Amino acid sequence: MTQIQTELTRVHELRQLLQQASYAYYVLDAPVMEDAVYDQLYRELQQLEIQHPELVTPDSPTQRIGERPATQFTSVRHNIPLYSLENAFNVDELHAWDLRWRRQVPNIDAAEYVTELKIDGSAIALTYQDGILVRGATRGDGVTGEDITQNVRTIRSIPLRLNFDGLANIEKIEVRGEAFLPLEVFKQINEERQKAGEQLFANPRNAAAGTLRQLDSRIVARRRLDFFAYTLHIPGMDDASIANTQWEALELLQRMGFRVNSQHQLCQSLTEVADYYKYWDTERLNLPYMTDGVVVKLNSFKLQEQLGFTQKFPRWAVALKYPAQEAPTRVENIAVNVGRTGALTPLAEMRPVQLAGTTVSRATLHNSDRITQLDIRIGDTVIVRKAGEIIPEVVRVLKELRPLDTQPFIMPSNCPVCGQTVVRETGEAVTRCVNASCAAILKGSIEHWVSRDALDVKGVGEKLVHQLVDKGVVHSVADLYDLTAEQLFALERMGEKSAQKLIEAIAQSKNQPWSRVLYGLGIRHVGSVNAQLLSEKYRTVEELGTAKQSDIEGIYGIGAEIAQSVYQWFRISANQTLIERLQAAGLQFANTEATATVVNANLKLAGKTLVITGTLPTLKRDEAKELIQKAGGKITESVSKKTDYLVVGEDAGSKLEKAQTLGIAQLTEAQLLAILEN
Ligand code: IVH
C-alpha cells in the first residue's frame, strides 16, 4: 500500500471509531471509550485531515461546528409538509377522536396504537442523501421552513452519516423529530441571560426555537441541544417497503443511529393508552426534559394511509395534552422592582399557592403592557400557571371575583427607589429609571461588579453592598477602591479581621484581566462571552471607546444590538469618568501581554497567552491561574489565534477542539509545571 492509501484507510477507521464512540455516548448514554482516548483519536484524524484537506468529508466528526456564522437563513420548501397535531385535553376527547377515525374505515375493530411522549421543543426535518446529512430545516409554517443545517450539525445525537447496515440502499431519506433543550441547560441559559441583563426565555420550547435560529453555530454548539427522532419518509417510495408500522419505524430509526425516546409503548386498546397518559401525568415531572402531553398514533402504516390528512392534521394521530399546571390565588400587592439596568419590573405578590410541586408566591408581570392587557389589580383573584413548569406567570384575572373598591394599576412615573422621573422610550415595552446614581441601579451594578464571573471579589455579598450604599459610603463601584478597613469596621456585624480581609480582596481584584473588568462594567448585552470577544479585538479601553459602531459589529459573534449598546455606553460622560477613576485605582483596562514582555522578559511565561480547559489532576483552576500569572503569562477564557498554549485537563470540551483546529500547542499540568520549574 502506498502511504496515501494507508492514511486513507486510517482516516476511515478513525471516523468509524469516533462515530461509534459518539453514538454510544450521546445516543445510548453508555460510553465505550475514555474521553482522553477519544481526544487522542480525534486529534489524529484532525492532523490527517489538515495534511490532506481533500480527504475531509461532510460526515467527518471534525465537521460538527461551522467556522463562519451565517448572515441569514435561506428558506427551504419541505418535500412533504410537516403537519401539526390535533389536540385532545382529556380521555373523553381521546375517545371522540377514536370514533371519528373509525367512522372513516368501517368494519375495523382492533387497532394498535403507539404512544410517545410529546416533547416540548421544536420540530425539525433532516434530509440524508446517500446516508449523509445534507440538510436540516425548521418546521416554519409546515410548507416552508428555514435551512439551519449548520446548527443541526452541532447536535451530537444527530448522526452525520446513517448506519445503513443490512438496509436497502436508499438514496434519499427524511427524518423528523424534536430538537429540545434539556431542562438543566435551559435553566443555565436563563441564568446567563439574567446576568447579562437580557430577557429570559419563558420555556424550553422558546429557548430551543431561539437557539436553532442562532446565526452563529458556535453559540448553538455551546447550548447542547438534543434530538429525539419520531418519523421517517422516503420520498418517492412507499414507506411500507422499509417499515410497516410506526413501531418498526422507531426501531429502524434507532438502528440508523438516531436517539429515539425510550418511553414509547405499543397499546392494544384505548384503555392502555389512557393508562399511559395517566402514568406520565406525574412521572413526566421527573424527566430531564419538558413534555406537554402524549402523542397517540395508529401503528399500522396501511391504516394511516387509508385515513390520510385534513388541511392541517393527520387523521391517524392525536396529541393528548396535559392541562397546564394552573391554580387560583389572590394578588396581595403589586411591587415594582428596579434592576441593574434600571428596568422597572412589576411583580405580583400573591397568597402562596402549591403548583407543580412548589410554592408560588411571586410572579413577574413583565411590563406595563402586560399589566394593561391583563387589567390586573391589587385584590384580584388570578390564575397562575407555571410556564414550562418553571417560571410562574399570571394567565388571567377572574373579574367576576373582583372586589368593588379596586383601582387599575398604573406604572409609577417616578422610580420607586430614587424618586426620579422614569422613561419609557417609544417602541419599547420597558420603563426605565435612567438616574445613574439611583440606589437600586447602583446596588445592582456593584453586586454585578463583585460577582464571580466579573471581578470576583470574595466576601462582598448582597447584604454588604446594601449597607454600603444605604449608609452613603459607596456611590459608585470606583468608591470600593477608596474604602478603608476603618470604614468597613464601622458597619454592623463586622470584625476587624474581616474588614481587613475584604480590603485585601478588593485590592486583589485589580489583577483581574481587562475582559473581566469590561464584563463587570455591566454594559447591556455584554455578558462574559461578549466581553471576552470585545477584549480580544480591542486590547485597551481607549481602542474600544473610540471604535466605530460598524467596526464593533464586524467582530465575529457580536451583533448589531450589542455593538450599538457598547458604542452608546462610551458616549456617556459619567461612564468616562467612571473609567478614569477605575484606571486611577489601578484596574486593568488593557491586555497585559505587551507589558509582561517588557517588564518581565525574564519570566518563564512572559508574553505568553494561555487558556486552561478541563479539570487538572492536582491544581485547582485558581492555583494554576495564579502560577501562570506569576510567571508573566496571561490567562484568557477562550482560545484564539493569539493563544500560545492550551493547558488541558480531564473532560476538556470545545476549547480543545478549537485549539486543535488552530494548531495550538497543548500542555498537560505536568508539562506546565516543568516549564515553570526549569
Ligand atoms: S408526530 C404528522 N411525535 O408536536 C405527525 N410530534 O403539536 C406530526 N412533537 O409539530 C408530529 N413530540 O413538534 C410527533 N413524539 C412526537 C412528538 C411530536 C413532539 C411535536 C412536533 C409537532 C407538534 C404538534
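For clarity, every value in this text was computed on a predicted model and none was experimentally measured. All ligand and atom numbering here is 1-based and tracks the order in the structure.
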S.K.: For E283, give me all partners under salt bridge (charged side-chain N to carboxylate O under 4.0 Å, His left out), at least two apart in sequence or on another chain.
M.R.: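 Residues passing salt bridge (charged side-chain N to carboxylate O under 4.0 Å, His left out) with E283: none at all.
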S.K.: Can you check side-chain hydrogen bond (donor to acceptor under 3.5 Å, both in side chains) on Q268 and E112, steps first, answer last?
M.R.: CA-CA 5 Å; Q268 303 297 338; E112 281 183 337; 3.2 Å; yes
S.K.: For ligand 1, list all ligand N or O to protein N or O distances below 3.5 Å, rounded to 0.1 Å.
M.R.:
unit_1	atom_1	unit_2	atom_2	d
ligand 1	3 (N)	K297	NZ	3.0
ligand 1	4 (O)	K118	NZ	3.2
ligand 1	7 (O)	K118	NZ	3.4
ligand 1	12 (N)	I119	N	3.1
ligand 1	13 (O)	E178	OE1	2.6
ligand 1	13 (O)	E178	OE2	3.2
ligand 1	15 (N)	E116	OE1	2.8
ligand 1	15 (N)	L117	O	3.4

S.K.: Between D226 and P182, is there a donor-acceptor pair closer than 3.5 Å when you use the side chain of the first and the backbone of the second?
M.R.: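 Here the side-chain-to-backbone pair does not exist.
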S.K.: So, are E86 and R100 salt-bridged, with charged N and O less than 4.0 Å apart?
M.R.: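 Result for this pair is yes, salt bridge flagged.
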S.K.: Just by distance, do the side chain of R330 and the backbone of D380 share a donor-acceptor pair under 3.5 Å?
M.R.: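 No.
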S.K.: Picking from F228, Y23, Y128, Y26, what satisfies ring pair (Phe, Tyr, Trp, His ring centres under 6.0 Å) with F258?
M.R.: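 Output: one option passes, namely Y128.
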